[in-house]
Novice: 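Shown below is the structure under consideration.
We're numbering straight along the sequence, starting at 1. Order of appearance sets the numbers: ligands from 1, and atoms from 1 within every ligand.
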Amino acid sequence: MQKLSDNTLVGSGLLDRTFHLSEQNTTIGREMLAGLTTFVSMAYILFVNPSVLGAAGMNKGAVFTVTAVTSILGCLLMAFLANYPIAIAPGLGDNAFFTFSVVLGMGIPWQKAMAGVFVASVLFTILSFLKVREIVIDAIPKDLKMAMAAGIGIFIAFVGMQGGGLIVASKTSLVAIGSLTVPTTWLTIFGIFVIAILMAKKVPGAIFIGLVATTILGLVTGLIAMPTHLVSMAPSMAPTFGVGITHLPSIMDPQMWAVVLIFLLVAFFDTAGTLIGLAQQAGIMKNNKMPRIGRALMSDSISMLAGSVMGTTPTAAYVESSAGIAVGGRTGLTSLTVAVLFAFSMLFSPLLTVVTDQVTAPALIIVGVLMVSALKEIHWDKFEIAMPAFLTVIGMPLTYNISYGIAFGFLTYPILMTVAGRRKEVNYIMWAMFFVFILLLYVLNIVPKS
Ligand SMILES: Nc1nc2[nH]cnc2c(=O)[nH]1
């Protein structure tokens with residue numbers, strides 16, 4: 001039996017055999033600490049997801065339970081199928097697209113939009129089984145993938161700034177700074193500072209701690225009403241369960257095909273990009289490839305499918321997993337720990353009422369900061385790349401729609417690369433996408449108005 005420096009015994013036992021702990025030179029204690037760290041970094045989603053999907057008209061209690069169950073499933077799959085320290089939960093990019101672009105922007109009822117999520121999930125799972133995803137991941141230039149991640153980050157932050165009251169609509173300039181005389185806006189400002197300071201000091205779970213501190217400030221100042229109780233049984237999933245399936249006939253609308261395509265693209269590239277980034281951080285990459293990426297993508301697609309049946313938007317491999325990896329998490333035991341903690345947290349649904357928009361806003365803004373770091377990977381010195389990347393990034397917040405940002409990038413990239421003499425670098429999949437996005441713009445923009 002081998003002894004590691006932190007005195008945790010490894011070398012035998014079920015956990016070691018299941019997760020190859022000694023092979024990865026890690027210990028049970030270190031993996032559990034990593035799981036706890038990742039969990040506290042992402043636990044805010046239990047409250048932010050109901051808040052965002054609630055704005056689309058969905059039942060917040062049901063979404064709370066669905067968020068927890070979907071995350072448990074995703075983390076268990078990642079633990080036992082892929083053995084990676086990467087947590088899965090419903091993504092903020094996807095739920096923002098669902099609520100703000102599809103339901104509120106396009107005026108599609110949430111039940112119909114959920115049918116779109118279900119179809120996208122089925123397609124995603126089929127693509128994962130057929131191993132098509134590797135071909136597509138390789139075909140899309142890295143610059144555009146990174147621009148998509150960054151654009152979604154800015155979009156999420158924009159949504160957070162609005163929810164927190166920091167920016168408001170303006171008749172003359174479209175947006176303007178919100179009024180600093182609104183007391184609840186100060187909760188958001190307080191939350192941003194707390195989280196930003198903790199992040200800068202590299203404190204694990206900074207977002208979660210900031211969320212708790214902001215809630216406490218709200219309760220103490222009377223800006224947030226006290227909850228009636230602290231723990232209870234998890235709310236029923238009945239209000240959202242199976243709604244996507246029962247509304248499948250409504251998917252025949254061409255506008256919904258565009259929605260399905262965007263869900264597919266966002267889910268696809270978000271998870272693929274995040275997995276590679278996290279694998280690089282954990283030192284898992286071998287010959288510039290991530291071993292078992294197929295299993296990791298499969299874990300995501302199965303949980304996305306289950307989530308769409310129960311009633312939540314697509315899952316993603318969470319960027320916050322980097323917090324657990326930073327404290328030493330290397331195997332699926334980290335993800336298993338996250339799953340167990342999500343199960344425990346299901347008791348705390350009464351806290352939903354105290355986690356208001358002003359409390360969740362800082363989390364959205366800070367996740368935006370994390371996602372925008374992808375900008376550094378873009379070749380800004382080449383105009384034929386800089387322009388499509390720029391349009392992708394700013395297109396999302398300025399049109400308040402993730403799909404338009406993606407479309408702008410895919411429509412300009414092949415043309416500019418061709419005129420710049422780099423036609424050979426544009427493969428047939430990119431040209432196919434070019435025509436798909438022309439059709440998509442037509443469907444999203446012209447069909448509803450004619
Ligand atoms: N990769 C990723 N991480 C997240 N963390 C919170 N939301 C998201 C998301 O949509 N994608």
Novice: Counting both backbone and side chain atoms, is some N or O of Gly93 under 3.5 Å from an N or O of ligand 1?
Specialist: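 Between Gly93 and ligand 1 (N or O atoms, distance only) the closest approach is under 3.5 Å.
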Novice: Before signing off on this row, confirm whether Ala317 and ligand 1 have an N or O atom pair separated by under 3.5 Å.
Specialist: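 Between Ala317 and ligand 1, an N or O pair is found under 3.5 Å apart.
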Novice: Answer with yes or no whether the side chains of Thr67 and Asn49 bring together a donor and an acceptor at under 3.5 Å.
Specialist: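 Judged by distance alone, the side chains do pair up.
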Novice: Flag the pair Lys382 and Asp143 as a salt bridge only when some basic side-chain nitrogen lies within less than 4.0 angstrom of an acidic carboxylate oxygen.
Specialist: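 So Lys382 does not pair with Asp143 through a salt bridge.
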Novice: Record the part of Glu320 in heavy-atom contact with ligand 1 below 4.0 Å; permitted values are side chain, backbone, both and neither.
Specialist: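 Under 4.0 Å from ligand 1, Glu320 contributes side-chain atoms alone.
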Novice: If we set the cut-off at 4.0 Å for heavy atoms, which region of Ala89 has an atom near ligand 1: side chain, backbone, both, or neither?
Specialist: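 Answer for Ala89: neither.
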Novice: Could you work out, for atom 8 (C) of ligand 1, the closest of Leu92, Leu370, Leu275 by heavy-atom distance?
Specialist: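 Looking at heavy atoms only, the winner is Leu92.
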Novice: Can we say Glu377 and Lys142 salt-bridge, meaning some charged N sits less than 4.0 Å from an Asp/Glu carboxylate O?
Specialist: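 Looking at Glu377 and Lys142, the cut-off is met.
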Novice: Taking side-chain contact (heavy atoms from CB on, under 4.5 Å) as the test, write out the residues that go with Ala234, two or more places apart.
Specialist: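 Applying side-chain contact (heavy atoms from CB on, under 4.5 Å) to Ala234 gives Thr65, Met346.
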Novice: Using a 4.0 Å cutoff against the non-hydrogen atoms of Tyr44, which atoms of ligand 1 qualify?
Specialist: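 Answer, ordered by atom number: 5 (N), 6 (C).
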Novice: Listed by chain and number, what are the side-chain contact (heavy atoms from CB on, under 4.5 Å) partners of Leu187, not counting sequence neighbours?
Specialist: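 If we apply the side-chain contact (heavy atoms from CB on, under 4.5 Å) test to Leu187, skipping adjacent residues, the hits are Thr214, Leu217, Leu223, Ile224, Gln358.
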Novice: Is it true that atom CE of Met298 has more than 12 heavy atoms of other residues, nucleotides or ligands lying nearer than 6.0 Å?
Specialist: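 Yes, enclosed.
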Novice: Please state which part of Phe97 comes within less than 4.0 Å of ligand 1, counting heavy atoms only: side chain, backbone, both or neither.
Specialist: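 It is neither; nothing of Phe97 touches ligand 1.
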Novice: Quick one: pull up CZ in Phe118 and OG in Ser121 and give me the separation to the nearest 0.5 Å.
Specialist: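 One finds 7.5 Å between CZ of Phe118 and OG of Ser121.
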Novice: Would you give the length of the straight line joining atom CD1 of Ile402 to atom CZ of Phe98, rounded to the nearest 0.5 angstrom?
Specialist: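 That separation rounds to 13.0 Å.
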Novice: Does only the side chain of Val319 get under 4.0 Å from ligand 1, or the backbone, or both, or neither? Count heavy atoms.
Specialist: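 It is both parts that get close, each with some atom under 4.0 Å.
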Novice: Provide the number and element of each atom of ligand 1 under 4.0 Å from a heavy atom of Ala316.
Specialist: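 By the 4.0 Å cutoff, the relevant atoms are 11 (N).
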Novice: Could you check atom 11 (N) of ligand 1 against the protein and tell me its nearest heavy-atom contact, residue, atom and distance included?
Specialist: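 Answer for atom 11 (N) of ligand 1: Asp270 OD2, 2.7 Å.
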Novice: Before signing off on this row, confirm whether Thr274 and ligand 1 have an N or O atom pair separated by under 3.5 Å.
Specialist: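 The answer is yes, given that Thr274 and ligand 1 share an N or O pair closer than 3.5 Å.
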